[in-house]
Amino acid sequence: MKTIDMLQTTRRLVVGLSQGLPPEELVRIPTGFNNNVLWHLGHLAVTQQLLCYQMAGVPMVIDDAWVGLFRKGTSPRDWAADASIPDYDEIVAQLHGLATRLREDYDAGLFTGYKPYGTSAGVQLDSIEDAIVFNSFHEGIHVGYLMALRRALSASA
């Protein structure tokens with residue numbers, strides 16, 4: 001499926017936008033923003049897993065704790081000081097690995113029981129194909145957020 005190939009390309013772009021930032025910049029929330037770079041990266045991994053795996057009744061391949069940290073509606077402002085926040089390298093490895101795994105699992109026909117889902121963007125997902133296409137749209141939105149975050153971080157440096 002060509003959309004999965006595009007996901008792998010988008011993931012390379014997302015990682016490129018985050019590379020070179022010092023650790024303190026990965027977790028800084030600039031004025032006017034609700035989240036940081038690290039949250040956006042983790043959010044992409046979690047959203048893909050929820051949309052593609054959970055809604056199809058297929059076990060997610062990420063740690064369940066990630067969902068509580070990165071799902072829609074969460075913020076790093078809510079992370080407890082003692083929370084085990086995945087580090088940048090772990091999230092980047094997951095982003096690349098999850099795109100490859102999605103391709104393998106899709107080709108293996110694992111996503112046969114997709115539960116219809118209406119997104120907050122008003123898009124109805126009725127199949128794994130719908131979910132994969134919508135996930136690409138969602139990732140594009142976060143590419144824009146990451147570009148804006150980079151600009152805000154460099155402007156305040």
Side-chain angles (χ1 to χ4, degrees), residues 1-21 23 25-27 29 33-76 78-80 83-121 123-150:
M1 177 177 212
K2 183 133 183 108
T3 309
I4 297 174
D5 296 335
M6 290 187 317
L7 173 62
Q8 293 170 323
T9 300
T10 303
R11 295 280 170 90
R12 284 190 293 274
L13 175 61
V14 163
V15 170
L17 286 168
S18 65
Q19 284 178 327
L21 290 173
E25 294 292 290
L26 290 169
V27 296
I29 303 172
F33 289 83
N34 294 321
N35 293 303
N36 57 35
V37 171
L38 192 67
W39 181 89
H40 281 279
L41 299 177
H43 177 71
L44 294 177
V46 166
T47 299
Q48 177 210 328
Q49 289 290 291
L50 292 171
L51 290 174
C52 296
Y53 285 76
Q54 186 178 61
M55 297 309 296
V58 176
M60 294 189 300
V61 295
I62 58 168
D63 188 316
D64 287 339
W66 282 37
V67 176
L69 296 170
F70 300 116
R71 81 174 312 136
K72 180 182 171 191
T74 63
S75 170
D78 300 327
W79 292 346
S84 179
I85 310 302
D87 72 9
Y88 174 78
D89 292 332
E90 182 181 1
I91 293 173
V92 166
Q94 282 284 6
L95 284 172
H96 290 308
L98 292 173
T100 301
R101 176 76 179 264
L102 179 63
R103 156 69 69 204
E104 293 166 355
D105 292 345
Y106 180 82
D107 289 346
L110 291 185
F111 304 105
T112 58
Y114 199 84
K115 177 183 169 188
Y117 174 70
T119 71
S120 59
V123 177
Q124 180 67 28
L125 307 179
D126 295 317
S127 67
I128 185 59
E129 290 80 12
D130 290 351
I132 293 169
V133 169
F134 181 79
N135 187 67
S136 289
F137 163 76
H138 174 261
E139 297 226 357
I141 290 170
H142 286 276
V143 166
Y145 279 122
L146 286 165
M147 292 170 77
L149 271 168
R150 285 288 308 225

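This structure is a prediction, so every number in the text was calculated from the model and none was measured.
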(request) With rounding to the nearest 0.5 Å, note down the distance linking CG in L17 to CG in L41. (result) 9.0 Å

(message) Whether the side chain of Q49 engages the backbone of V61 through a donor-acceptor N/O pair (distance < 3.5 Å, no angle test) should be reported.
(response) yes

(request) Would you list the pairs meeting side chain to side chain donor-acceptor pair (under 3.5 Å) in which at least one residue belongs to residues 58-71, sequence neighbours left out? (result) none

(request) Please report the shortest heavy-atom distance between G68 and T74, naming the atom on each side. (result) O-CG2, 3.5 Å

(request) Under the salt bridge (charged side-chain N to carboxylate O under 4.0 Å, His left out) rule, collect the residues that match up with R12, sequence neighbours excluded. (result) none

(request) Drop me the distance from R101's CZ to Q48's CD, to the nearest 0.5 angstrom. (result) 10.5 Å

(message) Working to the nearest 0.5 angstrom, can you tell me the gap between R150 CZ and S18 OG?
(response) 8.0 Å

(request) With sequence neighbours excluded, tell me which residues meet side chain to side chain contact (heavy atoms under 4.5 Å, CB included) with V27. (result) N36, L38

(request) Please determine which of H96, E139, Q94 meets the side chain to side chain donor-acceptor pair (under 3.5 Å) test together with R11. (result) E139

(message) I'd like to check the side chain to side chain contact (heavy atoms under 4.5 Å, CB included) partners of P116; sequence neighbours left out, ordered by chain and number.
(response) Q124, D126

(request) Give a yes or no answer on whether the side chain of S75 reaches the backbone of N34 with a donor-acceptor pair at less than 3.5 Å. (result) yes

(request) Measure the spacing between CG of D130 and CG of N135 and express it to the nearest 0.5 Å. (result) 12.5 Å

(request) Tell me, please, which residues at least two apart from T119 pass side chain to side chain contact (heavy atoms under 4.5 Å, CB included). (result) Y117, A121, V123, L125, F134

(request) Indicate yes or no for a side-chain donor-acceptor contact from R103 to the backbone of I4 under 3.5 Å, with no hydrogens or angles considered. (result) no

(message) Would you say that T100 contacts Q8 through its side chain, given a criterion of any heavy-atom pair below 4.5 Å between the two side chains?
(response) yes

(message) Check the orientation of Y53 and F111. Use parallel for under 30°, tilted for 30 to 60°, and perpendicular for over 60°.
(response) perpendicular

(request) Drop me the distance from E90's CD to L95's CG, to the nearest 0.5 angstrom. (result) 11.0 Å

(request) Considering non-hydrogen atoms only, spot the tightest contact between T3 and S136 and give its length. (result) CG2-OG, 3.2 Å

(request) Nearest 0.5 Å please: distance from the CE atom of M60 over to the CG atom of L98. (result) 10.5 Å

(request) Kindly give the heavy-atom pair with the smallest separation between C52 and I128, and that separation in Å. (result) O-CD1, 3.5 Å

(request) Report the residues that fulfil side chain to side chain contact (heavy atoms under 4.5 Å, CB included) with Y145, sequence neighbours left out, ordered by chain and then residue number. (result) H40, I141, H142

(request) Could you pull out the closest heavy-atom pair between N35 and L149, with the gap in Å? (result) O-CD2, 3.8 Å

(request) Could you pull out the closest heavy-atom pair between L51 and Y114, with the gap in Å? (result) O-OH, 2.8 Å

